[in-house]
Number of protein chains: 2
Amino acid sequence: MRESEKEIVRSLPLFSGMAPDHFEIMLKGSFLQKFPATVVLFSEQDHTDFLHVLVDGQVELFANANNREGTMTLIKPVATFVLASALADGAYQLSARTLQTSQILMIPAENIREVMALDSDFAQKTIVELAECYHGVVRAYKNIKLRTAVERLANYLLVQNRRQGDNDGLVLPVEKRTLASMLGMTPENLSRAFNTLKPYGVVIDGAEISLNNLSDLETLAKPSAHIDAN
Amino acid sequence: MRESEKEIVRSLPLFSGMAPDHFEIMLKGSFLQKFPATVVLFSEQDHTDFLHVLVDGQVELFANANNREGTMTLIKPVATFVLASALADGAYQLSARTLQTSQILMIPAENIREVMALDSDFAQKTIVELAECYHGVVRAYKNIKLRTAVERLANYLLVQNRRQGDNDGLVLPVEKRTLASMLGMTPENLSRAFNTLKPYGVVIDGAEISLNNLSDLETLAKPSAHIDAN
DNA sequence: CGACGATTTGAATAGGATCAATGGGAGTGG
DNA sequence: CCACTCCCATTGATCCTATTCAAATCGTCG
């Protein structure tokens, strides 16, 4: 693993502020792996002893049941995933596939536990990270339970617009069918939802979306600090 | 706080095995409070510095958005709740109300952090508890995203049947309207879902449900170890 | 160019919500 | 003890949202 890659990992809030020797203990036995796009990394029923860090690329976490499949979340670099599984019983709860060529750092869960015992500051950060993962799922759960498909899309657009610099527009970071699955609808329904938003100033050109009437869109979306992420 | 009540709290996996003096540190400044039924304990936007332990009674966690309300989960004694909020930023993500007269122990979050630093075994248990909370929400999220209302009800009945001793029947632990909200449907739709399940051996008599054809019900429900809790 | 998959559109259907009305229990007060 | 009230639960009718199936269009890439 190159120094530059180490620095990328170290820049995560979870690892920043960690003593260098603790960081080295953690990386002992870790390995950085490169995967092509569209590869299934693991399945719900699998078992893991590694914390994963997506260093580069894009990963989709999804689940299957009753012959249906749904995207649960999208991971963008740099971020950890399956933290809870690695720290608890080791059972993945979700399947994962790469959406793009991706580099993933695998850290033995045992190392995490070892450093947590040595470094109570890191233990605290791990707790906070885990708590944030929890809140993330709670948000997603509220989103799908309390909003209609059009509302979910409208709020998604508002969040992306904010993240991409408040330029009254955004570029979709994933294919529309993946977005549809993440928002809990079919691709056909996503297409119709976009049409429904046209009167609210939403103009679609492939993956590029313009938002020409934010205030109307917000009136429809009713964004909530308790559901929508930053 | 009585010794008998302390023992109840101590019986939780999170606190069992904790050294007595650590347990006392944790309880310092804690208080046990009694609430009548139908009382809102806190709201989504509130802020907390306490871990809550439901010692007796029943509590519903719910959320509001767009003039809608939905039950997120039901807490039954003895269990902790809002662990993630207490340990992280202190923001509740959910509102809570009592469904019955309830006794709740409030433990200062600061105490938890203090004992975690002293006792790495407790820190590890806290992590595991938090990871299990996370997995619980992921299960709920998959449940609502991948199953229809009838399937969710069928699986709920199978889980309750198992929990209540595999006696081909069960007693609903909550009012049907609360169950409906928890399963993500209207009371009317729950009523119809029960009717849909009649051909599968489901007989309803108030809160008492008989399951007279488990194998057909399972065929419909397609229970999954990755969604349904134990 | 041709093939393949993603996206969009249309039509029909299903799942679920809403509105309205009725039945049924539990609790209250006379 | 009984009547009354209130809220929960059920049923019917209708509407709306979203899925399914089918077909056409668009884009990308070899």
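All values reported here derive from a predicted model rather than from experimental measurement. Convention: sequence-line order gives letters A, B, ...; per-chain numbering from 1. Heavy atoms only: backbone and side chains are in, while hydrogens, waters and symmetry mates are out.
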query: Quick one: how far along DNA chain D does chain B reach, first to last nucleotide 5' to 3', anything under 4.0 Å to a heavy atom?
result: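 Contact span on the strand: D:dC8 to D:dA13.
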
Would you please name every residue forming a ring pair (Phe, Tyr, Trp, His ring centres under 6.0 Å) with [X], sequence neighbours left out?
{"X": "B:Phe194", "answer": "none"}
{"X": "A:Phe50", "answer": "A:Phe31"}
{"X": "B:Tyr156", "answer": "none"}

task: Give the B/S/- string for nucleotides 4-14 of chain C, one per nucleotide from 5' to 3', where a protein heavy atom under 4.0 Å of the base yields B, of only the sugar-phosphate yields S, and otherwise -.
output: --SSSBBB---

Considering residues at least two apart in sequence or located in another chain, which fulfil the salt bridge (charged side-chain N to carboxylate O under 4.0 Å, His left out) criterion with [X]?
{"X": "B:Lys145", "result": "none"}
{"X": "B:Glu218", "result": "none"}
{"X": "B:Arg177", "result": "B:Glu175"}
{"X": "B:Lys222", "result": "none"}

field: Pairwise side-chain hydrogen bond (donor to acceptor under 3.5 Å, both in side chains) hits with a residue in residues 181-194 of chain B, at least two apart
entry: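 side-chain hydrogen bond (donor to acceptor under 3.5 Å, both in side chains) check on residues 181-194 of chain B returns B:Thr71-B:Ser181.
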
task: Only pairs at least two apart or in different chains count here, so list each ring-ring contact (aromatic ring centres under 6.0 Å, His included) that has a residue in residues 207-230 of chain A.
output: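 The answer is none; no pair qualifies.
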
message: So if I take the C1' atoms of five pairs at each end of the helix from C:dC1-D:dG30 to C:dG30-D:dC1 and get each local axis, what angle do the two axes make, rounded to 10 degrees?
response: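 Between the axes fitted at each end of the helix from C:dC1-D:dG30 to C:dG30-D:dC1 lies an angle of 30°.
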
query: Does a donor on one side chain sit under 3.5 Å from an acceptor on the other, for A:Glu60 and A:Thr178?
result: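 No - no donor-acceptor pair under 3.5 Å links their side chains.
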
